[in-house]
Amino acid sequence: MSDQPVRINTQEVVWREVGDEVVILHMTTATYLTINGSGRLLWNLLAEGATPEALAQTLVGEYDIGFEQAEADVRTFLSSLTECSLLEKPR
Amino acid sequence: MPARTVLIQDRSKLFRSSLAVLLDAQEDIRVLSQVATAEELERATIAMEPDIVVFEVSSTPWDSEGVARRLGELEKRPRLVGVGRSPAGAVKSRLDGGAVARHDPFEEFLGAITGVLRSDDSALETPAGDGPLTEAELHVLGLLSSGLTTNQIARRMGRSPRSVRALRERVLKRLGAQSGAQAAAEGIRLGLLGPRVPPGATGPHVRGRPYRPPELRVRRWDGRGARLLIAHESRILTAAVELVLGEAAKVIYHTVFASAAVAVSDVLVPELVVTGDLLSDGPVEHHLRALMRSGTRMLVVTDQPEPRRAVTLLRGGCSGVSDSDSDIHEVAAAALTVAGGGSVIPPVVAELLLAEWRTKDGPIGRRESELRLTDRELEVLRAMADGLATKAIARRLNMAAKTAENHKTRIFQKMGVRGHAEAISLLYRGGDLAPEAACGAMAEATHNIRPARGDRRASV
């Protein structure tokens, strides 16, 4: 897993936390998205910038799951965020 | 297989019409009719012989037990599904499909209806065997161990509560248990069940919070139709609006919290926010400004269609007010109108606004001085409000009856009204007269109205 921090593309994305969800609007693609409870934890870290490993550790700390599962779930999640252009492009 | 027929009764036209359009959209269900009262329901059931009746069960003084009993005694007895939370035991025992709370999602209603439609009654006739538990029995045992009630299990399994009760009895008997909890414990001891899992949990969890992997849901908008945000307790309403409007609009978010609607509206800036009177975090009036700060327009579907409340909402910035005693098609049309930049004002409110406009600004083209009542005219108007007839007004104000009559004519002209009753009503609506005085004056005015020969206008 990469050790480079990943960040939200704040230039093109606005969002609000609504209850246990995050509601997101991508202003360029006019796509609106929602993220569920465990994803909300990760999203808040991504707003500041975080490495995939730190994200996985957060899941392990919050839920009763192993690091391997957390790592796999984070990878899938980050890949869906990238597909929707919600993350800054790596420099 | 021919479509099964359903009859719906509910006093809320919006609710019953919403449920009807959603059920009618199902391939195997046909809604025969929707009615408001118990009398209409009984008459329609006898005449139409529906397979299923969906009716209100928890409102008082509604005699839902009486309705259920009488429907149950019909020669062609319909299966019954209740609408309402926690119906009384006597009613509950007569409901084949259990009861569904009014604000539950449509899927719950559909589950209850399809549950009773399934020909699962064979389970009732099968005696408890000696072999291993059947798949259905194991399923019931698993759900019992999760603490679910019979109705919840029925919905989860898509069976009728009656068949679930029969399965439950068989499971208890075969495990020698007196209760669901005992059966669950025995099930775990025999290795039929794993350790107890809270309902809804799908995997590892801490502090009672289930873990679901982080998930991103994408809701693309293709640019066609208006984007609606619905903040309303009724999920049925939301689903029905979406169905009726089709491609003309898309419901991009539903919530029962005004605060959530505000946050989402800020981000997604829908063309329209549709709300009810009361959300889970307070009356809609408290949130109007915040809900509209993104520039979105608002339609309130109100249970309180009194003109004054509607005016308050419109003055607060709403572009439309729709009576909740409307058909779902009317509400959906109102939503489209408001989303498209128009306004929806109930006729009674339009009349009131017109009256206020006439009183305050007057018809176009007339100067304010021409319209303002003189001190003497105001005295005459107050005497009219006290319920005095022309001669009594003349006596009180020490003027000739003819002069009093002339004052009244000018007052009517300036106020843009046709007679005594309308003038007093307008005065009352304008807030310049105490309601008691207005009521007395109105009674007097009504009493004094006599149609003139050859003229349908009232003469006072």
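Naming convention: chains lettered A, B, ... in sequence-line order (proteins, then strands); numbering from 1 in each chain.
What you find for A:Ser38 and B:Pro213 is that their closest heavy atoms are OG-C, 3.4 Å. In this structure, A:Thr31 and B:Val218 approach most closely via the heavy-atom pair CG2-CG1, 3.4 Å. Looking at every heavy atom in both residues, A:Tyr32 comes nearest to B:Ile252 through OH-CG2, 2.9 Å. Heavy-atom minimum distance, B:Pro214 versus A:Asn36: CA-OD1, 3.5 Å.
Both the backbone and the side chain of A:Leu81 come within contact range of chain B, each with at least one heavy atom under 4.5 Å from a heavy atom of that chain. Interface remark: A:Ile35 contributes backbone and side-chain atoms alike to the contact with chain B (heavy atom separation under 4.5 Å). Contact annotation for B:Tyr253: only side-chain heavy atoms (C-beta onward) come within less than 4.5 Å of a heavy atom of chain A.
Interface summary for chain B: among A:Thr76, A:Leu59, A:Leu33, A:Ile24, the most heavy-atom pairs under 4.5 angstrom belong to A:Leu33.
For the atom pair B:Asp266 CG and A:Leu25 CG, the distance stands at 11.5 Å (nearest 0.5 Å). A distance of 8.0 Å separates OG1 of A:Thr34 from CD of B:Glu215, quoted to the nearest 0.5 Å. The CZ atom of A:Arg16 lies 10.0 Å from the OG atom of B:Ser265; values are rounded to the nearest 0.5 Å.
Under the side chain to side chain contact (heavy atoms under 4.5 Å, CB included) criterion, B:Ala290 pairs with B:Val262, B:Arg293, not counting sequence neighbours. Residues satisfying the side chain to side chain contact (heavy atoms under 4.5 Å, CB included) test with B:Ala25, not counting sequence neighbours, are B:Leu243.
Contact check for B:Thr255 versus A:Val18: no side-chain heavy atoms found under the 4.5 Å cut-off.
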